[in-house]
Amino acid sequence: MKYRQLGDSDLTVSELALGSWLTYGGGVERQQAEACVHKAFEVGINFIDTANVYGRGAAESFLGEVLRGRDRSSYVLATKVFFPMSPSDQGLSAAQIYKQIDASLQRLGTDYVDLYQCHRYDPNTPLEETMAALTEVVQQGKARYIGFSEWNPAQIQAALDLPDVEKFVSSQPQYSMLWRQPEAEVFPLCADHGIGQIVWSPLAQGVLTGKYKPGATPPADSRAANDKMNGFMSELRRDRVLSAVQNLQPIAQRLNLSMAQLALAWILRDGRVTSAIIGASRPEQVADNAAASGVDLSSEVLQEIDQVLAPALPQAARP
């Protein structure tokens, strides 16, 4: 496993991070979930990403239990705030930030998180209020650094322009071979200001593993088979996308890589990406994904990938 510095922070994190959305604390049987966390540490992953809303606190509680007794300095822990924990508990007001950081710390069984992230932008709260509250959370020692997820360039710049507040060190956008939008503006803006990228859905919700075939019913145990995911994944599961992804198979085989490893190595080719978040329901998936760290793809291979996927990409994202 290789490691990278997260933005202008002093956090050194593994190139792959273990996520917990739709998995730990709910979607994955407890024993399997614990095995995934143990395997992550075994293969060198030191970065754990979660959020208060995952399982309405269940993911954080699970991690607090499974991490208990492990040297706190041996891993980097990140969580998030914004989405509703109850009808009256949501957003990025100062009151919510103070309330939710304390609740997250209690569930996680720790005095601090290394990274506290705004899960989305809150248009209903003045940015000055949000940033002042986050700054106080850092000053109180409850979080070492702050970040954001899925903010647009104008929102990012507005936060950067505020004086006397803690500066963001991380951005968490969706990014994959099939979703390249952050490359245009978010990546360069963040790079200019010491903000590293921690990307989510690097396997495009599993589509880039090649397990979904054009015209075929999704596997029963897959995310696409979950009714809640169908709308989210509908664009990724169009036949033209799935057909293009199947054409990546010969490239992966030639390089002796799994499809997941190829997709993750493609993500990590960009030095502006600090870490890619993987979600795993089995420890062997963690091990397979982790093996992508350190894989270098030649310019010829990268060009070949672009040619194969061009029919599947939105016009603006085509190379």
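For the single chain, residues carry numbers from 1 onward in sequence order. Quick caveat, the model's predicted, so the values are computed rather than measured.
Residue L297 is grouped with residue L203 when hydrophobic side chains (ILVMFWY) are merged at heavy-atom distances under 4.5 angstrom, including chains of intermediate members. V245 and W179 fall into different hydrophobic clusters, where Ile, Leu, Val, Met, Phe, Trp and Tyr residues are linked whenever their side-chain heavy atoms come under 4.5 Å apart, directly or through other members. If you chain together hydrophobic residues whose side chains sit under 4.5 Å apart, Y112 and I48 never meet in one group.
A donor-acceptor pair shorter than 3.5 Å cannot be found between the side chains of Y116 and K80. At a cut-off of 3.5 Å, with distance as the only test, no side-chain donor of Y3 or N46 sits close to an acceptor on the other residue. A donor and an acceptor atom, one from each side chain of D161 and Q157, are located under 3.5 Å apart. Using modelled atom types, one finds a donor on one side chain and an acceptor on the other under 3.5 Å when comparing Q117 with Q172. In this structure, a donor-acceptor pair under 3.5 Å is present between the side chains of E60 and S104.
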Stepwise, does the side-chain contact (heavy atoms from CB on, under 4.5 Å) test hold for W151 with F168?
-> CA-CA 12 Å; W151 285 26; F168 288 124; 3.7 Å; yes

V165 and L134: CA distance, side-chain angles, deciding distance, side-chain contact (heavy atoms from CB on, under 4.5 Å) verdict = CA-CA 8 Å; V165 295; L134 291 171; over 6 Å; no

Go through the steps for E183 and Y175 under the test side-chain hydrogen bond (donor to acceptor under 3.5 Å, both in side chains), then give the verdict.
-> CA-CA 9 Å; E183 290 179 343; Y175 184 57; 2.4 Å; yes

Give the intermediate values and the outcome of side-chain contact (heavy atoms from CB on, under 4.5 Å) for residues D270 and F187.
-> CA-CA 10 Å; D270 193 324; F187 278 18; 3.8 Å; yes

Check the pair L248 / L208 against side-chain contact (heavy atoms from CB on, under 4.5 Å), numbers first and verdict last.
-> CA-CA 9 Å; L248 292 173; L208 287 168; 4.2 Å; yes

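Ion pairing between E29 and R282 fails under the 4.0 Å rule for side-chain N and carboxylate O. In this structure, K167 does not pair ionically with D8, as no charged nitrogen and carboxylate oxygen lie closer than 4.0 Å. Between D296 and R269, no side-chain nitrogen of the basic residue sits less than 4.0 Å from a carboxylate oxygen of the acidic one, so the salt-bridge criterion is not met. Under a 4.0 Å N-O distance rule, the pair D89/R56 does not qualify as a salt bridge. For E42 and K39, the salt-bridge test passes: some basic side-chain N is under 4.0 Å from an acidic carboxylate O. By the 4.0 Å N-to-carboxylate-O rule, D111 lies too far from R72 to be salt-bridged with it. A salt bridge between K213 and D239 is absent, with no side-chain N of the basic residue lying under 4.0 Å from a carboxylate O of the acidic one.
Contact of the D164 side chain with the T135 side chain is not registered, since no non-hydrogen atoms from C-beta on lie closer than 4.5 Å. Residues E136 and I97 form no side-chain contact, since every pair of their non-hydrogen atoms from C-beta on lies 4.5 Å or further apart. A heavy-atom distance below 4.5 Å is found between the side chains of Y75 and F41. Side-chain contact between L262 and I305 is present, with at least one heavy-atom pair separated by less than 4.5 Å. Counting heavy atoms from C-beta outward, I277 and V199 have side chains that stay 4.5 Å or more apart.
Each of W200, F82, F83, W21 was checked for a ring pair (Phe, Tyr, Trp, His ring centres under 6.0 Å) with H119, and the lone residue meeting it is F83.
Note that the CG atom of D114 and the CG atom of D49 stand 11.5 Å from one another [nearest 0.5 Å].
S258 places a side-chain N or O within donor-acceptor distance of the main-chain N or O of Q261, the cut-off being under 3.5 Å.
The cationic group of R30 does not satisfy the cation-pi geometry with F62, failing either the under 6.0 Å distance to the six-membered ring centre or the 45° limit from the ring axis.
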